[in-house]
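Heads up: the structure comes next, in structure tokens.
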Amino acid sequence: MMHTSSIFVVAALVAHAAAVGVSGAAEGFAKGVTGGGSATAVYPKSNAELVSYLGDSSARVIVLQQTFDFTGTEGTASGSGCLPWGTGSSCQVAINQNGWCQNYEPSAPTTTVSYDKAGVLGITVASKKTIIGVGTSGVIKGKGLRIVSGASNIIIQNIQITNINPHYVWGGDAITVDGADLIWIDHVKVIGDFAPRPIHTH
């Protein structure tokens, strides 16, 4: 009886692993990307675990099956901003990052801004990572992902990135890609007001 139960448990684990595998294959510049490959899947349970798995040097398949909320985890910052698109409640406000307001919108009304510091800089994603969400449950809230400085061979599939300083321009990007290669971003849902762009590439 014990032996039969063990078989059922193993079968269930195998079925679960198959259910969260990468769907499809990349084309174009990302063709051949393998991400974490056949590495044993890990299931982060906390923000700290997620950050650690994403940033370490190991090949990893990282499965997201919950919401990771970074809102407020790094405090807030205040500074100057401007109102290039009007003063109505639905108009976006620009943070004066690197003098953007003076350089590009010098005639716009000025204002004071208060924003969530966690959103400004995304979580660093190192090479050889697969990040995959289960159903609609894989959500990163209040912070994006940052793939930079030679990182390569990364798959991001079926996750949601939400609420990064809504209504603020220069409040943070959902995904930043800079100096990276072999990056496949597939079925990623971005929710919230992102400006100037949800995915920022160089």
Side-chain angles (χ1 to χ4, degrees), residues 19-24 26 30 35-36 41-55 60-79 81 83-85 88-95 97 100 113-126 129-148 151 154-178 180 183-202:
V20 297
V22 171
S23 176
V42 293
Y43 298 79
K45 299 295 184 184
S46 66
N47 289 2
E49 279 191 339
L50 176 62
V51 171
S52 176
Y53 288 149
L54 289 172
R60 290 197 184 277
V61 175
I62 304 166
V63 183
L64 308 189
Q65 52 185 359
Q66 66 185 65
T67 296
F68 297 87
D69 190 354
F70 288 86
T71 307
T73 58
E74 298 174 25
T76 58
S78 298
L83 303 160
W85 303 283
S89 60
S90 62
C91 296
Q92 287 186 303
V93 178
I95 298 170
Q97 184 184 57
W100 185 86
V113 297
S114 179
Y115 56 92
D116 193 333
K117 291 170 66 176
V120 176
L121 192 65
I123 306 166
T124 298
V125 182
K129 299 291 189 287
T130 296
I131 309 159
I132 188 165
V134 177
T136 59
S137 298
V139 180
I140 301 174
K141 181 179 179 182
K143 200 171 185 69
L145 300 174
R146 187 167 179 263
I147 307 168
V148 299
I154 294 167
I155 298 171
I156 306 172
Q157 189 175 76
N158 194 40
I159 68 169
Q160 297 181 44
I161 300 176
T162 73
N163 296 92
I164 300 177
N165 283 313
H167 306 303
Y168 279 121
V169 177
W170 304 117
D173 298 311
I175 302 176
T176 298
V177 180
D178 186 3
I183 312 300
W184 182 25
I185 302 170
D186 179 51
H187 285 79
V188 172
K189 187 173 184 179
V190 176
I191 301 174
D193 295 325
F194 288 86
R197 50 203 165 260
I199 299 179
H200 184 181
T201 62
H202 289 278

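A donor-acceptor pair under 3.5 Å is formed between the side chain of Q157 and the backbone N or O of S23. Using a distance-only test at 3.5 Å, with no hydrogens or angles considered, no donor-acceptor pair links the side chain of N163 to the main chain of G142.
Partners of V113 by side chain to side chain contact (heavy atoms under 4.5 Å, CB included), not counting sequence neighbours, listed by chain and number: V93, I95, T111, Y115, Y168. Shown here are the side chain to side chain contact (heavy atoms under 4.5 Å, CB included) partners of S52, two or more places apart in sequence or in another chain: there are none. Scored by the side chain to side chain donor-acceptor pair (under 3.5 Å) test, Q160 finds no partners at all (sequence neighbours excluded). For the side chain to side chain donor-acceptor pair (under 3.5 Å) test, no residue two or more places apart in sequence or in another chain qualifies with E49. Taking the side chain to side chain donor-acceptor pair (under 3.5 Å) definition, one finds that R60 meets it with D56, sequence neighbours left out. By the side chain to side chain donor-acceptor pair (under 3.5 Å) test, T71 pairs with D69, sequence neighbours left out.
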I156/I147 under side chain to side chain contact (heavy atoms under 4.5 Å, CB included): CA gap, chis, key distance, verdict
CA-CA 11 Å; I156 306 172; I147 307 168; 3.8 Å; yes
Given the rule in the side chain to side chain contact (heavy atoms under 4.5 Å, CB included) test, do I155 and D186 qualify, once you have shown the distances and angles that lead to the verdict?
CA-CA 8 Å; I155 298 171; D186 179 51; over 6 Å; no
Could you go through F70 and L50, starting from their C-alpha distance and side-chain angles, then the distance that decides it, and tell me whether this counts as side chain to side chain contact (heavy atoms under 4.5 Å, CB included)?
CA-CA 11 Å; F70 288 86; L50 176 62; 4.2 Å; yes
Test K45 against Q65 for side chain to side chain contact (heavy atoms under 4.5 Å, CB included), laying out the working first.
CA-CA 9 Å; K45 299 295 184 184; Q65 52 185 359; 3.3 Å; yes
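If you run side-chain contact (heavy atoms from CB on, under 4.5 Å) between R146 and each of V125, I175, L121, only L121 comes through.
In this structure, I140 and I159 approach most closely via the heavy-atom pair CD1-CD1, 4.4 Å. When all heavy atoms of V63 and A41 are compared, the pair lying nearest together is CG2-CB, 3.9 Å. Closest approach of A30 to A26, counting heavy atoms only: O-CB, 3.4 Å. T130 and G35 get closest at one heavy-atom pair: OG1-CA, 3.5 Å. Heavy-atom minimum distance, P44 versus L64: CG-CD2, 3.9 Å. In plain terms, the two heavy atoms of W100 and P84 that are nearest each other are CZ3-CG, 3.9 Å.
No side-chain heavy atom of C91 sits less than 4.5 Å from a side-chain heavy atom of L83. Taking 4.5 Å as the limit, some side-chain heavy atom of L54 sits within range of a side-chain heavy atom of L145.
Note: I164 CD1 to I191 CD1 = 11.5 Å, rounded to the nearest 0.5 Å. Here N158 contributes atom CG and H187 contributes atom NE2; the two are 7.5 Å apart, rounded to the nearest 0.5 Å. In this structure, CD1 in I123 is found 6.5 Å from NZ in K143, a value given to the nearest 0.5 Å.
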